[in-house]
Each structure stands twice: as structure tokens, then as C-alpha cells.
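Because the structure is predicted, anything quoted here is derived from the model rather than measured. In this chain, residues are counted from 1 in sequence order.
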Amino acid sequence: MEKLKEIIIQHNRWEPLLDYVNRIEAYSESDFPLCIENAKSLLEAIAKEICIKKGQSYSYDDGIGKVLKLAFAGLGYNNSATVQQIGGAIANVGHQMSLLRNEIGSTSHGKSLNELEKRKDVINKISSDFLLFSTELVCCFLIQLIWTFSSWHCN
């Protein structure tokens with residue numbers, strides 16, 4: 001998550017997100033489900049902030065997929081069919097992370113003791129690394145995009 005930390009520090013408005021990044025890094029080897037919970041929250045926080053700054057209304061009940069789509073549209077990417085598909089794919093990644101979080105997260109929807117014991121075995125290390133790298137890439141992209149193509153600078 002080094003690249004994301006660099007971008008967050010460069011655009012200090014985003015510094016509160018370091019809490020999520022630090023938790024992800026601290027538990028990446030020992031508690032991947034906790035990392036997924038924080039990665040999902042990280043993506044959602046960025047998307048909501050973009051929606052707020054770009055006047056895209058969302059509801060508290062909206063899922064991360066919808067909020068990511070709104071954020072992407074707020075950044076001006078709602079005209080091209082190809083770009084809409086990319087935005088939809090990013091939103092789908094967020095939605096799937098939310099579903100995975102619900103399945104394996106220890107703080108989502110309460111778990112039985114048996115579920116808590118088995119949750120760490122749901123996904124292998126290669127897949128978990130892929131999800132975390134993907135999350136970092138999307139977060140970097142969104143933060144840099146709003147800073148680059150907007151009059152709203154994050155410093």
C-alpha cells in the first residue's frame with residue numbers, strides 16, 4: 001500500500017484514510033478478513049467523498065457498488081459506453097468486496113464460533129493479495145483523478 005500512502009500524504013486532505021491503510025498493512029498476513037473489511041471501507045469512503053464534492057446524491061442505504069458508480073459519473077465519466085463499462089466494473093469490484101466482507105468478516109452481521117474459525121480459510125493468499133493490490137490501484141486512481149481533473153484540489 002506504499003503507492004496509496006504516498007498519494008494520500010501528497011494530497012493531505014485524504015489523510016484520515018491512513019487509518020484504513022494502516023489496518024490493512026498490519027493484518028495482511030494474519031487476518032485477511034479484517035483487511036477486506038477495511039479495504040471495502042476505504043473504497044467506500046473515497047467514493048462518498050467524491051460524491052459529496054461532485055454533488056452526486058446517495059442514500060445511506062446505497063451499497064458500495066452504487067456509490068462507486070455515482071462517484072465515477074460525478075467525475076464526468078458517464079458519456080462514453082466504454083468508460084461506463086469501466087466504471088461499472090469498478091463498481092462491481094466494490095460490490096463483490098462487500099459480499100466477501102459479509103461472508104468472511106468478523107464484524108459484519110455477527111458470526112457463530114464455527115464461522116469465525118473457518119473464515120480465514122475462505123480465500124487463498126494469492127487471491128487475497130490480488131484483492132488488496134486491486135483496491136490500492138482503484139483508490140490511487142480515484143484520488144488522483146479527482147485531483148487532476150477537478151477544480152477541487154486535495155491539498
What is the minimum heavy-atom distance between [X] and [Y], and which atoms define it?
X      : Y     : result
Glu44  : Asp62 : OE2-O, 4.4 Å
Ile146 : Lys53 : CD1-CB, 4.5 Å
Ala71  : Cys51 : N-SG, 3.5 Å
Gln56  : Ala73 : NE2-CB, 3.8 Å
Glu15  : Ile9  : OE2-O, 4.4 Å

Between Glu136 and Lys5, does the side-chain contact (heavy atoms from CB on, under 4.5 Å) criterion hold? Intermediate values first, please. CA-CA 9 Å; Glu136 180 181 25; Lys5 286 194 307 192; over 6 Å; no

Under the side-chain contact (heavy atoms from CB on, under 4.5 Å) rule, what do Ile143 and Leu4 come out as? Steps first, then yes or no, please. CA-CA 9 Å; Ile143 291 171; Leu4 180 57; 4.1 Å; yes

So how far is it from [X] [atom1] to [Y] [atom2], rounded to the nearest 0.5 Å?
X      : Y      : atom1 : atom2 : answer
Tyr20  : Leu43  : OH    : CG    : 11.0 Å
Leu145 : Cys140 : CG    : SG    : 12.5 Å
Lys48  : Leu68  : NZ    : CG    : 10.5 Å
Tyr58  : Leu70  : OH    : CG    : 10.0 Å
Cys35  : Met1   : SG    : CE    : 8.0 Å
Asp19  : Ile24  : CG    : CD1   : 11.0 Å

Spell out, as yes or no, whether a donor-acceptor pair under 3.5 Å connects the side chain of Asp129 to the backbone of Ile126. no

ILVMFWY network linking Phe141 to Ile8, side-chain heavy atoms under 4.5 angstrom: yes

Under a single-linkage definition using a 4.5 Å side-chain heavy-atom cutoff for Ile, Leu, Val, Met, Phe, Trp and Tyr, are Val67 and Ile52 assigned to the same hydrophobic cluster? yes

By side-chain hydrogen bond (donor to acceptor under 3.5 Å, both in side chains), Ser134 pairs with (sequence neighbours left out) none

Between Ile46 and Val138, is a side-chain contact (heavy atoms from CB on, under 4.5 Å) present by the stated rule, with each step listed? CA-CA 10 Å; Ile46 292 169; Val138 170; over 6 Å; no

Side-chain contact, heavy-atom cut-off 4.5 Å: Leu131 with Phe32? yes

Can you list the steps and then say if Gln144 with Ile7 is a side-chain contact (heavy atoms from CB on, under 4.5 Å)? CA-CA 8 Å; Gln144 288 180 307; Ile7 290 170; 3.4 Å; yes

